[in-house]
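Below is one structure, written out as structure tokens; comments come after it.
Owing to the predicted nature of the structure, the values given are computational and were not obtained by experimental measurement. Quick note on labels: first sequence line is chain A, next is B, and so on, each numbered from 1.
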Amino acid sequence: MEERYDPPKIEAEWQAEWARTDLYRTGDDPARPKFYLLEMFPYPSGAGLSVGHLHNYVPCDVIGRFKRMKGFNVLHPMGWDAFGLPAENEAILKGSHPTETVPRYAANFKRQLTISGCAYDWSREINSSEPEYYKWTQWFFLLLYKRRLAYRATGAQWWCEKCGTILANEQVINGCCWRHTDTPVGKKDLEQWYIKITDYADRLLADLDHIDWPEPIKLMQRNWIGRSEGAELGFPITGHPGKEVRFFTTRPDTVFGVSFMVLAPEHPLVAKITTPEQRAAVDAYASDARHQSEIERMSTAKEKTGVFTGAYAHNVFTDKDIPIWIADYVLMSYGTGAIMGAPGQDQRDYEFAKKYGLEIPRVTAPADRSAPPVDRAFTEPGIAINSGFLNGMPTAEAIKTVAKYSQDHEIGRAAVSYRMRDWGISRQRYWGCPIPMVYCKNECGVVPVPEDQLPVKLPPMKEYLPSGTGRSPLANVPEFVNTTCPKCGGPAERETDTLDGFACSSWYFLRFADPHNDREPFARSAADYWLPVDLYVGGAEHAVMHLLYARMWTKVMFDARMISFNEPFPMLRNQGQVWAADGRRMSKSKGNVVTPDTMIEKYGADALRLWELFMSPFDEATNWNESGIPGTLRFITRVWAMIRRYVEAGSPQGTPSEETLKQTHKTIEKVTDHIERLRFNTALAALMDHLNYVTRLTPADMGRFVAESFVVMLAPMAPHVSEEFWRALGHRTSVHLEPWPSFDPKLVRDEMVTVVVQINGKVRDRLQVPVGADESDVRELALKSEAVIRHLAGKTPTKFIFVKDKMLSIVA
RNA sequence: GCCGGGGUGGCGAAAUGGCAGACGCAGAGGACUUAAAAUCCUCUGGAGCGCAAGUUCCGUGCGGGUUCGAGUCCCGCCCCCGGCACCA
């Protein structure tokens, strides 16, 4: 064993050795329980990994190594989410081409993970932009199509000028593009492919109850899905026989208070019912609404505006004609694009009615008979008043009664509405998975590409920039576009849009189970063995995109009997975000990125890893701060000195004292428990504590068990230097193949314990008593204590509270 | 506006309602050294009292409360971070 710790030499050597012996190939031992550990599919950016990314990868690496030592058959794979807007945008920015940048960036990520000592089974590496992979992404699209979950429709869609493409609802952040947060999105009418995720809304919601995810993430999904119960009703339009305004409401109990109707400006009825006198004003308003940016339109601070159409609907409950307005606070994309105006019970309707002088009937009274507010709507549940047959009913009962009544009288029915919309999946961009559909020029219409003709390969294109016209650049490649109809053999054109990148990551976790299968996306047996993922780790930013899509596709596969589980990720954990030292996001443009490369060069990979673990709790956000790495480096050199001293003394079997054994077993217990609970910072603190104890011992007093268990516990966290220690201790095999040490529960238990004595809530003395000492013994001891006597100052105790092995509280 | 998460020494942070500040960084003093670096040892929340061993009071964003006992539970605020934002 060398005198000095030399990280570059050790780390290069062991990384080569691990590669040579293929140490991290996934086990193939069905007798062992399996453990599938997965980090969210990374997009390999040109900036490479930062120390922030390692705050996810290093802890996961520790878990993977730990689980192997605990006897699990571990699947811990890695691959690249390489298709999609981020990759293409970056290639454009660099004046390059994604076919050039993607493999280069992915290789760099792989290199960085390797020099950081992260153990992946690279034989299972996948890349979503390669035909071997995206063939199956296309296959899944066809599966969705076959199951009537992929459909084509025209509609106003989010459009980012900078991306030159449509975005999904989830990809619009504060009215701006998720890739260009300074660029407000607009709307564009395009014919698009949609995935019918709303069909799964109820299951996506209900199954959240059965998965072990952080509560805030579940809540975000619940809010995103936004299920509301109510009724869908229709009021006839006066003077237009057969036409009605259909609307959704969560408060059908307030129908007697409906004094007007509001349609979204884009509502198809608007053109049909607007009277000639009102047409000019209505058209002007509608056109204005269309040209507003989404930020302006969505602003809740804005005063409500609208225009009267001149038409009336008939409120069948009050038997009155009520005016139909249009207003931009009503959204075409939610419910039916129309609402009933119940200004007495809805604050938005109240503001609208106030502004335009519409009648404000009050139809709900506070249940406690207090006076209803006069200057705003009363939105809480209460008792129905001025409401015909509903009078006197509590809100909940009135809601049911109206639903029943409406059904019986063919006005409408109870209904559920979701905030979540279908997933617009078409992208008018080059770098994505081609949508395997063909448009026949004869009579066949839309025809799916037969499975045996997959993949539809992305054609090579030098000039691949988005056109911005609403058509993908692929439309400019005649060899790609022109094809024959698979059905009739006649002339046909291919779909030229590509799939949203989130399609690729909606099933990749299954591909890792069987990554090289060229006959099917994965073998059933492989999925049955490895899936679902036992621990899924990633950032909270994917709460409503990737995690919803992946859950939906999993349910589709379940319904198609391809897999036997309903949820892909029964256990999810979020790592904490690491901000730059200045508290901002790490980014190249801000010049505040710290890379693992520079840290490894300075301190070595093991010291960096320990600092990533020790710096802050795994799931809490923190600012990057380099100043602690000298500490973890010092810890390693102290272990080095400790092991070296032991080895130089001839590695004695030794005769550790009972105290030393106790201390060691307690440490094993703590480190094991903390790693299992993902508390890496306190796991390492326990090892540091242990080192402080152990360094005071002579080699003979320490002994082999203490030395070896120390190294084995350190191995998942500092894998390189631990190999070096293990070899110095005389072993020929890798420390990473060792079983995790176990502790003896008998040795972990203490015989003596400190019991605190409090007087009137303040700690006044500490007593050493045998474990399990009962109250009378402790009381007797305490009352003899000098400190207790002094603080009682002659007063007589009136009450004792005793917590065994913890505390005696005296009230005087 | 609504919904989450958070606020503890100079810093990163520990703490099933029961000894606040483990572990580490930084700092101070000492040992080794011609010297420095490295390493090792000691001290290190604040304010008092004591020559000292010690000992007292205060202290977990602010203000209340429950409790023998609150960083932890409850009520009302302030600040920071994240999500949603006219969803009828």
Across the strands shown, which category fits [X] at heavy-atom distances under 4.0 angstrom: base, sugar-phosphate, nothing?
| X | answer |
| --- | --- |
| A/Asn692 | sugar-phosphate |
| A/Pro617 | sugar-phosphate |
| A/Asn681 | sugar-phosphate |
| A/Arg696 | nothing |
| A/Thr637 | nothing |

Counting side-chain heavy atoms from CB outward, which of [options] is closest to [X]?
| X | options | result |
| --- | --- | --- |
| A/Lys799 | B/rG24, B/rA14, B/rC68 | B/rC68 |
| A/Thr622 | B/rA14, B/rC23, B/rA13 | B/rA13 |
| A/Met615 | B/rC58, B/rC19, B/rG12 | B/rG12 |
| A/Gln758 | B/rG83, B/rC68, B/rC23 | B/rC68 |

Nearest atoms (heavy-atom pairs only) where A/Ala338 meets A/Val245: CB-CG1, 3.8 Å
For [X] and [N], give me the distance from atom [atom1] to atom [atom2], rounded to whole Å.
| X | N | atom1 | atom2 | answer |
| --- | --- | --- | --- | --- |
| A/Arg251 | B/rA88 | CZ | C1' | 11 Å |
| A/Met220 | B/rA85 | CE | P | 11 Å |
| A/Leu691 | B/rG24 | CG | C1' | 13 Å |
| A/Leu219 | B/rC3 | CG | C1' | 6 Å |

G-U wobble or Watson-Crick pairing nucleotide for [N] (cut-off 3.5 Å, both distances):
| N | result |
| --- | --- |
| B/rC51 | none |
| B/rC25 | B/rG10 |
| B/rG4 | B/rC81 |
| B/rU39 | B/rA31 |
| B/rG59 | none |

Other residues, nucleotides, ligands: >12 heavy atoms within 6.0 Å of A/Lys218 NZ: yes
Answer with yes or no whether [X] presents, from its side chain, a donor or acceptor under 3.5 Å of a partner atom in the base of [N].
| X | N | result |
| --- | --- | --- |
| A/Lys806 | B/rU16 | yes |
| A/Lys304 | B/rC86 | yes |
| A/Ser627 | B/rC25 | no |

Verify the distance criterion only: is there a donor paired with an acceptor across the side chains of A/Arg419 and A/Asn223 at less than 3.5 Å? no
Between A/Tyr329 and A/Asp349, is any side-chain donor less than 3.5 angstrom from a side-chain acceptor? yes
Under 4.0 Å: is that the gap between some side-chain N or O of A/Asn223 and OP1 or OP2 of B/rG4? no
Hey, does the side chain of A/Thr682 come within less than 4.0 Å of B/rC23's phosphate (OP1/OP2), counting only N and O? no
Classify the glycosidic conformation of B/rG4 as syn or anti, calling it syn when the angle lies within 90° of 0. anti
